[in-house]
Amino acid sequence: MSFGKVLQLNTGATIPEIGLGTWLSKPNEVESAVEIAVRNGYRHLDLAMIYRNQDEVGRALKKVIPSVVTREQLFITSKLWNCSHQQGPAEAELDETLKQLGLTYLDLYLVHWPVAFEPGNGLVPPHPTKEGEVLLDLKTSLVDTWRAMIKLKETGKVKAIGVSNFTIEHIKGLIDATGVVPAVNQIEAHPLLPQDDLVAYCKQVGVHITAYSPLGNNFVGKPMLTENAAVKEVAEKLGATPAQVLVAWGAYRGYSVIPKSVQEGRIISNFKQVALSEGDYEKVTAIGVGNFERFNIPIRFKPKWDIKLFNEELEKTATYQVNIA
């Protein structure tokens with residue numbers, strides 16, 4: 001089992017340290033995964049409209065509430081997609097999410113990306129003249145969207161609001177304009193992408209970090225982190241799996257961590273926590289030195305998002321910048 005640890009948010013609420021991610025799960029896999037997870041002790045579920053599987057999650061929730069858990073015992077996160085960054089569409093999408101899940105409220109609602117798409121033409125609107133690109137909404141600022149999120153929190157349909165894939169500059173812009181500090185920034189986080197400056201800033205201003213893709217992924221043909229020699233060495237020493245070591249690396253850094261799996265054995269295994277010594281942590285951290293890799297970067301997506309988010313080399317050709325305020 002997990003250590004059962006919960007972490008404090010700036011709202012006063014707590015978030016379970018280990019959760020189940022549902023990104024990149026194929027149709028008809030998530031219903032079973034969520035049911036297995038909750039029956040085996042998970043109390044933190046991470047969802048999103050763009051994952052296109054919240055209806056399945058809703059079916060699973062009906063199987064476990066109230067027979068296994070009460071609604072109040074679960075911490076459920078979802079995310080506002082890019083085509084609903086404006087006030088009216090934002091509330092409509094939240095209502096649709098709640099309908100899909102069969103719930104009356106979310107524990108946490110995140111702005112999924114610091115990028116707006118033109119509303120009204122599906123989740124990924126195609127650019128009318130640039131083939132292979134998405135149609136960006138360059139008018140709606142991050143602050144506009146954050147004000148919409150603040151209003152959603154006032155409805156009581158979400159208990160806390162936060163962001164995802166945001167940089168220091170993005171978060172600072174929200175706080176400067178509104179005085180409202182996001183409860184969470186959910187980011188790609190693993191030993192190849194420690195983002196120490198961002199982590200330090202979030203700690204300073206009271207933003208909790210949730211780590212997605214804690215095991216990395218194979219989007220760019222790099223070997224999986226679970227195959228790394230240092231990770232395997234620490235795992236063998238602890239009698240753990242490489243995945244458990246990578247989850248523990250994130251927990252050591254103070255994150256809540258949301259490994260994704262749809263396989264029963266791995267769902268259960270990922271929830272069995274191990275603790276890293278300082279030496280183990282340093283050994284795993286060292287694999288990222290001079291070996292930086294961000295796997296999830298929208299300039300690579302198909303269709304492409306022609307916008308610079310992270311000021312990385314790969315984004316040098318991007319035409320547009322994020323409209324913060």
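Starting from 1, each residue takes its place in the sequence as its number. In what follows, every heavy atom counts, from backbone to side chain, and hydrogens, waters and symmetry copies are set aside.
Atoms CD and CG, from Gln100 and Leu47 in turn, are 10.0 Å apart once rounded to the nearest 0.5 Å. Taking CD of Glu118 as the reference point, atom NE2 of His85 lies at 12.5 Å (rounded to 0.5 Å). Distance check: Leu135 CG to Cys83 SG gives 11.5 Å after rounding to the nearest 0.5 Å. Atom OG of Ser261 sits about 6.0 Å away from atom CZ of Arg266, to the nearest 0.5 Å. Taking CG of Leu108 as the reference point, atom CG of Leu9 lies at 7.0 Å (rounded to 0.5 Å). Distance CZ/Phe295 to CG/Leu192: 5.5 Å, rounded to 0.5 Å.
Residue Glu236 qualifies as open at atom CD: its count of foreign heavy atoms under 6.0 Å is 12 or below. For Lys153, the NZ atom counts as loosely surrounded, since its 6.0 Å shell holds 12 or fewer non-hydrogen atoms of other residues, nucleotides or ligands. Dense packing is recorded around NZ of Lys130, with more than 12 heavy atoms of other residues, nucleotides or ligands lying under 6.0 Å away. For Lys222, the NZ atom counts as densely surrounded, since its 6.0 Å shell holds more than 12 non-hydrogen atoms of other residues, nucleotides or ligands. Summarising the local packing, CD of Glu278 is surrounded by 12 or fewer heavy atoms from other residues, nucleotides or ligands at distances under 6.0 Å. Remark: Glu282 CD is packed, more than 12 non-hydrogen atoms of other residues, nucleotides or ligands lying under 6.0 Å away. In this structure, Lys260 places its NZ atom where more than 12 heavy-atom neighbours from other residues, nucleotides or ligands lie under 6.0 Å away. When the shell of 6.0 Å around CD of Glu169 is examined, it contains 12 or fewer heavy atoms from other residues, nucleotides or ligands.
A heavy-atom distance below 4.5 Å is not found between the side chains of Cys202 and Phe166. Counting only heavy atoms from C-beta outward, the side chains of Val234 and Val284 approach each other to under 4.5 Å. In this structure, the side chains of Leu225 and Pro191 come closer than 4.5 Å at one or more pairs of heavy atoms. Looking at Val111 and Ser164, their side chains never come closer than 4.5 Å, going by heavy atoms from C-beta outward. Ser141 is not listed as a side-chain neighbour of Ile324, based on a closest heavy-atom distance of 4.5 Å or more. Between Leu314 and Ile297 the shortest side-chain heavy-atom distance falls below 4.5 Å. In this structure, Ile258 and Leu20 have side chains that are not in contact, with every pair of non-hydrogen atoms separated by 4.5 Å or more. Counting heavy atoms from C-beta on, the side chains of Pro182 and Val184 never come closer than 4.5 Å.
Between Phe117 and Trp305, a ring centre-to-centre spacing shorter than 6.0 Å is recorded. Aromatic ring centres of Tyr51 and His112 lie closer together than 6.0 Å. Not less than 6.0 angstrom separates the ring centroid of Tyr255 from the ring centroid of His208.
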Test Val158 against Ile161 for side-chain contact (heavy atoms from CB on, under 4.5 Å), laying out the working first. CA-CA 7 Å; Val158 298; Ile161 54 174; 3.9 Å; yes
Test side-chain contact (heavy atoms from CB on, under 4.5 Å) on Ile287 and Val231; report intermediate values, then the result. CA-CA 9 Å; Ile287 69 180; Val231 174; 3.9 Å; yes
Start with the C-alpha gap between Gln244 and Gln273, add the side-chain angles, then the distance that decides, and say whether side-chain contact (heavy atoms from CB on, under 4.5 Å) holds. CA-CA 6 Å; Gln244 287 168 347; Gln273 282 187 266; over 6 Å; no
Show, in sequence, the C-alpha distance, side-chain angles and deciding distance for His44 and Ile15, and conclude whether the side-chain contact (heavy atoms from CB on, under 4.5 Å) test is met. CA-CA 7 Å; His44 174 184; Ile15 185 170; 3.6 Å; yes
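Side chain to side chain, Thr155 and Glu91 fail the donor-acceptor criterion of an N or O pair below 3.5 Å. Defined by atom type and a distance below 3.5 Å, a donor-acceptor pair is missing between the side-chain atoms of Glu17 and Ser2. No side-chain donor from either of Tyr252 and Asp280 sits under 3.5 Å from a side-chain acceptor of the other. No donor-acceptor contact under 3.5 angstrom links the side chains of Glu96 and Gln54, judged on distance only. Gln86 and Asp137 are linked by a side-chain donor-acceptor pair at a separation below 3.5 angstrom, with hydrogens and angles left out of the test. Side-chain atoms of Glu93 and Ser84 include a donor-acceptor pair closer than 3.5 Å. Counting only N and O atoms by type, the side chains of Asn185 and Tyr201 include no donor and acceptor under 3.5 Å apart. Side chain to side chain, Asn217 and Glu188 fail the donor-acceptor criterion of an N or O pair below 3.5 Å.
Residues Val180 and Ile175 share a closest heavy-atom pair of O-CG1, 4.0 Å. Between Val6 and Pro16, the shortest heavy-atom contact is CG1-CA, 4.0 Å. Nearest heavy atom pair, residue Phe310 against residue Asn165, reads CE2-O, 3.6 Å. Nearest heavy atoms, Leu136 versus Tyr320: CD1-CD1, 3.9 Å. Here the closest heavy-atom approach between residue Ala318 and residue Ile299 is recorded as CB-CD1, 3.8 Å. Contact between Ala183 and Thr11 at its shortest, heavy atoms only, is CB-CG2, 4.2 Å.
Look at Lys63 and Glu31 and you find a salt bridge, because one of the NZ, NE, NH1 or NH2 atoms lies within 4.0 Å of a carboxylate O, short of that distance. Under the 4.0 Å criterion applied to side-chain N and carboxylate O atoms, Arg253 and Asp196 are assigned as salt-bridge partners. Using a 4.0 Å cut-off between charged side-chain N and carboxylate O, Lys157 and Asp95 make a salt bridge. For Arg294 and Glu312, the salt-bridge test passes: some basic side-chain N is under 4.0 Å from an acidic carboxylate O. Taking 4.0 Å as the cut-off between side-chain N and carboxylate O, Arg39 and Glu35 count as a salt-bridged pair. Checked for salt-bridge contact, Arg71 and Asp107 meet the test: a charged N lies under 4.0 Å from a carboxylate O.
Under the 3.5 Å distance criterion, the side-chain polar atoms of Ser25 are left unmatched by any main-chain donor or acceptor of Val30. Not one N or O on the side chain of Thr70 forms a donor-acceptor pair closer than 3.5 Å with the backbone of Pro66. Distance alone, capped at 3.5 Å, is enough to place a donor-acceptor pair between the Glu315 side chain and the Asn311 backbone. Here the side chain of Ser213 pairs no donor or acceptor atom with the backbone of Gly216 at under 3.5 angstrom. In this structure a side-chain-to-backbone donor-acceptor pair under 3.5 Å is missing from Asn270 to Pro259.
Under the 30°/60° scheme for interplanar angles, the aromatic rings of Tyr281 and Trp249 are found to lie parallel.
Cation-pi check for Arg43 over Phe75 is not met; the charged atom does not lie both under 6.0 angstrom from the ring centroid and within 45 degrees of its normal. For Lys79 and Tyr109, the positive end is not near the middle of the six-membered ring at less than 6.0 Å and at most 45° from its axis.
When the side chains of ILVMFWY residues are joined at heavy-atom separations under 4.5 Å, either directly or via intervening members, Ile168 and Leu193 end up in two distinct hydrophobic clusters. Residues Val257 and Val262 do not share a hydrophobic cluster, clusters being chains of Ile/Leu/Val/Met/Phe/Trp/Tyr side chains in contact below 4.5 Å. Note: the hydrophobic cluster containing Leu238 does not contain Phe3 (ILVMFWY, side chain heavy atoms under 4.5 Å, direct or indirect links).
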